[in-house]
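Have a look at the structure below, then the notes.
The structure presented is a predicted model; accordingly, all values stated were derived computationally and were not measured. Atoms within each ligand, like the ligands themselves, are counted from 1 in listed order.
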Amino acid sequence: MRIAVTGATGAVGCEVARALAGESGVRLVVRDVDKAARMGLPGEVHAADYGDVPALERALAGAEALFVVTGNPLRPEHDEHILAAAKAAGVRHAVKISWTAVADPTADDLVARWNRRSEELLRDSGLSWTVLRMRTPMSNALGWAASIRDEGVVRALGGADRTACVDPRDVAAVAVEALHGAEHAGRTYALTGPEPISVREQVEELAGVLQHPIRFEELTEEQAFARWCRRFPDEVARALLQGAQRRAAGASAAVEGTVAAVTGRAPANFARWAADHADRFRAR
Ligand SMILES: NC(=O)c1ccc[n+]([C@@H]2O[C@H](COP(=O)([O-])OP(=O)(O)OC[C@H]3O[C@@H](n4cnc5c(N)ncnc54)[C@H](OP(=O)(O)O)[C@@H]3O)[C@@H](O)[C@H]2O)c1
């Protein structure tokens, strides 16, 4: 099976690339080849921006199965472009990362609507498909790495709110099964980690692994929103706030058994992920 991996420099895409190491004909589709080189990703690297359909067609040429991840809710056409290029290139099966909030009828923010529409595009594309609705990836904790390294502090909204966050390596393991196995065609899977865990508890795990204390500072909604507005367009910042409000109401705590059912092994907990990524949080 010749497989192409879009978003191979992203949180899940890089783990899909690593999980496919050793298989022949794996194509990694990235917009930044230098970043792919710095990450030491295994596989043939092809440059293509999701805005450039001819480049995507060239990058996907010869692939039979495709891992799809897009990252910009203000660019819904990116999924259309990838699917058009995939069809032109002869791809038969696509495995797409989406979000568990898609299934939550109370979730009506920009990011949830974008993921819903992207799923519909895939289901209507004529390709065989599998959708992987992911809960918050544990790798989001890397967003605290700089303040942990520099100040020994994590500042966040909703420190007590629990999320059954998932190790990207487990999402990647399910993706690899779905890329290879016809039995996963037409299936939509919700992927979570094994336990609901709060931000404060994640910070405590990291402090234990790093063997030094980390202070937690709770942000108000106004402070968190202002920080997001500095990094993202306002509509995206509003969606992040709405997601945090749903999390506070318990919407992200449910644990699903899908990782174990598909891969045959239990998903990693946050302690495992933290131990394996400790170096990213250590002062250099
Ligand atoms: N992050 C979360 O908390 C979370 C939670 C649940 C579900 N999800 C879902 O997971 C999916 C991805 O989320 P994310 O943004 O967090 O993923 P991500 O790990 O940042 O991956 C996105 C990938 O797409 C690539 N990319 C973005 N724009 C591109 C473009 N114009 N051309 C080529 N490549 C491009 C990025 O490349 P670069 O590496 O060059 O940036 C990156 O490799 C979304 O459907 C999201 O809703 C995310």
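- Every protein residue with a heavy atom nearer than 4.0 Å to ligand 1 is included here: Gly7, Thr9, Gly10, Ala11, Arg31, Lys35, Ala48, Asp49, Tyr50, Val69, Thr70, Gly71, His78, Ile97, Ser98, Trp99, Val111, Trp114, Asn115, Met134, Arg135, Thr136, Pro137, Asn140.
- Smallest separation of non-hydrogen atoms from Thr220 and Leu157: C-CD1, 3.9 Å.
- Aromatic ring pairs are classed by plane angle as parallel below 30°, tilted from 30° to 60° and perpendicular above 60°; the pair Trp273 and His277 is parallel.
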For residues 38-48, which side-chain N or O atoms pair as donor and acceptor with protein atoms under 3.5 Å away, sequence neighbours left out?
residue : atom : partner : partner atom : Å
Glu44   : OE1  : His46   : NE2          : 2.7

Side-chain atoms of residues 14-22: list all donor-acceptor pairs with protein atoms under 3.5 Å, sequence neighbours left out, distances to 0.1 Å.
residue : atom : partner : partner atom : Å
Glu15   : OE2  : Arg18   : NH1          : 3.4

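- Taking the charged nitrogens against the carboxylate oxygens, Arg215 and Glu217 do have a contact shorter than 4.0 Å, which makes a salt bridge.
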What donor-acceptor contacts under 3.5 angstrom involve side-chain atoms of residues 233-243, with partners at least two apart or in another chain?
none

